[in-house]
Amino acid sequence: METIVKPERPGGFLDFLPADYLAREDMLKKIEGVYRSFGFDPIETPRIEFLKTLAGETSDTGKNIFHIKSSQDDEPLAMPFDHTVPFARLLAANPYDAKKRTGIRLPWRRMVVGPVFRSDTPQSGRYRQFYQFDVDIAGTASMIADAEIVALMYLTMKALGVENFRIKVNNRKVLNGLAMLAGIRNRDRISADDITKEMMRILDKLDKIGIDQVLKELQAIPENPEFPAPGLTAEAAEKIRSFLSLRGDNIQKIGRCGELFHGVNIAQEGLEELSRILNYLRSMDIPEAYVEIDFSIARGLDYYTGPVFETVLSDAPGFGSVFSGGRYNDLVKRFTGKSLPATGTSIGVDRLFAALSHLGLLDKSRQTVTEVMILRLEKDRDHQYLEIASQLRRIGINTEISMVEDNSFKGQFNYAISRGIKFIVICGALEFEKETVQVKNLETRKQEEISRADLETYFIKK
RNA sequence: GUGGGUGUAGCUCAGUUGGCAGAGCACCGGGUUGUGGCCCCGGUUGUCGAGGGUUCAAAUCCCUUCACUCACCCCA
């Protein structure tokens with residue numbers, strides 16, 4: 001007695017049947033088309049890295065890293081949670097050698113697509129394995145790079161047929177300035193840096209919990225003194241209120257924010273960068289309605305150092321961020337000790353797929369790549385059926401020969417219909433005698449009798 | 001980590017105050033067999049998530065546990 005293994009699948013990991021696979025493949029092709037138009041070169045990095053590569057010095061960010069348990073390696077391994085960290089590792093490992101002409105010549109723009117892994121508890125639109133399609137520009141601090149990234153985000157969403165979305169833009173430098181303005185400094189054994197991160201995390205919740213709750217959380221004194229709560233004074237909270245209450249169009253917001261941050265250099269620098277990005281976007285004809293300065297956007301990953309971007313679907317805000325990124329000038333430093341400016345973004349392909357699916361914006365009608373199926377009606381004619389199939393394949397028609405067990409017409413006919421195949425080739429005793437075939441279009445229900453000699457030209461015209 | 005929900009046939013699920021374990025799909029056999037997803041007849045399919053308790057009797061009530069799932073948190 002064999003043991004039955006249940007056909008179970010771990011939560012947060014997806015199967016893709018043909019209809020879904022083909023629809024997602026279409027998405028990936030459209031995304032890649034836009035990315036290539038900006039000159040991003042394709043590369044690939046492995047599904048497994050050293051844990052220390054991904055986690056860095058602090059294991060803080062590593063809380064949702066997918067660890068690998070059994071391995072013959074002494075050094076612990078793990079699965080990448082994004083493509084950016086392996087990219088930084090790749091940059092550090094391949095410096096350009098002018099003499100040998102090897103390594104990576106900077107500045108460099110590269111794209112990468114593949115699964116990434118997070119050990120979160122899965123939920124709808126949140127997976128433990130999902131595809132990210134990433135672009136990054138390394139080796140330049142120019143805001144042209146950041147503007148190109150935002151332009152690419154806009155064009156990609158458009159290419160995917162999405163109309164209602166918003167790219168929210170902010171700058172970590174502005175938020176760092178805010179921390180100074182709010183008087184955040186080292187406290188006991190907690191660094192100002194960690195407290196600032198916690199402040200950003202709270203700000204990021206603005207659209208969910210509202211300004212009053214945000215200010216309340218910012219002023220809260222934690223029970224655990226080790227917790228990096230901002231614990232702001234009422235006075236500081238008021239400054240944050242006026243910061244979060246800034247309204248107007250993008251230019252006005254930047255102007256008003258500038259007044260608020262009078263004398264805070266780091267924030268002024270951040271605002272200057274944002275305004276430069278907006279200017280470049282204008283040159284690239286990116287409509288202003290799609291790009292919005294939002295000072296509450298912080299981004300969860302702590303390697304960002306400058307502009308940050310986040311895309312949300314206006315019709316499906318519940319799915320959260322689908323296409324996000326930012327500038328990370330210090331990530332390569334982890335591996336080389338020296339900063340290397342870089343900026344980029346990443347589309348959460350599977351989450352966007354789920355969201356568009358939810359909105360009914362995906363065409364999942366295609367169930368198969370087969371264009372023609374040859375029916376096998378006569379028992380002794382398999383060689384001729386195979387010949388016809390080869391004839392069609394030679395001219396680039398995806399052709400399958402019926403593998404349905406019985407040679408009844410109805411069984412094979414219904415099989416072709418249920419598989420969603422467009423054409424069937426019918427060739428029985430009658431046709432063999434006349435050296436013709438019947439070609440039936442199952443979509444239009446029209447049938448034509450074609451002589452065997454004309455079969456190729458018939459399909460080439462189609 | 002916190003709070004809901006669900007576990008019954010290969011799949012989707014029904015199962016009444018506790019009283020023989022069910023349907024559809026799928027699958028197998030037979031009939032039909034050259035034009036639209038059939039149709040007709042027959043058949044197989046169960047550790048009712050697991051363990052314990054109450055009871056003459058538990059899928060059903062109670063306790064424990066596990067798995068899955070949704071929401072919060074966080075993120076793509």
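Below, read A as the first sequence line, B as the second, and so on, with proteins coming before strands; counting in each chain starts at 1.
B:rG51 and B:rA58: their C1' atoms are spaced 15 Å apart (whole Å). Taking the C1' atoms as reference points, B:rG53 lies 29 Å from B:rC13, given to the whole Å. Rounded to whole Å, the separation between the P atoms of B:rG29 and B:rU16 comes to 36 Å. Rounded to whole Å, the P atom of B:rC63 lies 39 Å from the corresponding atom of B:rC25. For the P atoms, the distance linking B:rC68 with B:rU54 amounts to 32 Å, nearest Å.
With B:rG34, B:rC75, B:rG36 as the choices, the nucleotide that has an atom nearest any side-chain atom of A:Glu378 turns out to be B:rG34. Closest to the side chain of A:Phe409, out of B:rC75, B:rG36, B:rG34, is B:rG34.
A:Ile424 comes within contact range of no nucleotide atom at all, as no heavy-atom separation falls under 4.0 Å. Within 4.0 Å (heavy atoms only), A:Ser346 reaches no atom of the nucleic acid at all. Note on A:Ala298: nothing from the nucleic acid sits closer than 4.0 angstrom, heavy atoms only. If you check every strand for non-hydrogen atoms under 4.0 Å, A:Asp82 touches nothing. Nucleic acid contact for A:Leu352: none, since no nucleic acid atom lies under 4.0 Å from a heavy atom of the residue. Backbone-only engagement by A:Phe323 is indicated by non-hydrogen atom pairs under 4.0 Å involving sugar-phosphate atoms exclusively. Among the protein residues, A:Glu443 comes within range of no part of the nucleic acid, since none of its heavy atoms lies under 4.0 Å from any strand.
Rounded to whole Å, the distance from NZ on A:Lys197 to P on B:rC75 is 12 Å. A:Asn414 places its CG atom 13 Å from the P atom of B:rG34, with the value rounded to the nearest Å. B:rC38 atom C1' lies 12 Å from atom CZ of A:Phe413, rounded to whole Å. Per the geometry, CD belonging to A:Gln412 stands 16 Å off P belonging to B:rC38, to the nearest Å. One interatomic measurement links the two molecules: CD of A:Glu433 to P of B:rG34, which rounds to 17 Å at whole-angstrom precision. Atom CZ of A:Arg381 is separated from atom P of B:rG34 by 17 Å (rounded to the nearest Å). Computed from coordinates, the A:Glu310 CD to B:rC74 P distance equals 12 Å when rounded to whole Å. In this structure, A:Leu430 atom CG and B:rG34 atom P are separated by 12 Å, rounded to whole Å.
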* If the sugar-phosphate is the primed atoms plus P, OP1 and OP2 and the base is the rest, what is the B/S/- string for nucleotides 66-73 of chain B, using protein heavy atoms under 4.0 Å? -> ---SSBBB
* Evaluation steps, side chain to side chain contact (heavy atoms under 4.5 Å, CB included), between A:Tyr21 and A:Asp15 -> CA-CA 9 Å; A:Tyr21 186 95; A:Asp15 287 325; over 6 Å; no
* Asked: Under a 3.5 Å cutoff on both atom distances, Watson-Crick or G-U, what's the dot-bracket for RNA chain B ([ ] crossing, | other strand)?
  -> (((((((..((((.....[..)))).(((((.......))))).....(((((..]....))))))))))))....
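Here the closest non-hydrogen pair linking A:Thr345 and A:Leu152 is CG2-CD2, 4.1 Å.
Within residues 159-170 of chain A, no residue has any heavy atom under 4.0 Å from RNA chain B.
Take A:Phe335 and apply the ring pair (Phe, Tyr, Trp, His ring centres under 6.0 Å) test, not counting sequence neighbours, and it matches no residue. Residues satisfying the ring pair (Phe, Tyr, Trp, His ring centres under 6.0 Å) test with A:Phe295, not counting sequence neighbours, are A:Phe243.
Legend: salt bridge (charged side-chain N to carboxylate O under 4.0 Å, His left out) pairs involving residues 162-172 of chain A, not counting sequence neighbours, sorted by first then second residue: A:Lys158-A:Glu163, A:Arg166-A:Glu292, A:Lys168-A:Asp294.
Taking 3.5 Å as the limit, the base of B:rU35 and the side chain of A:Lys440 contain a donor-acceptor pair of atoms between them.
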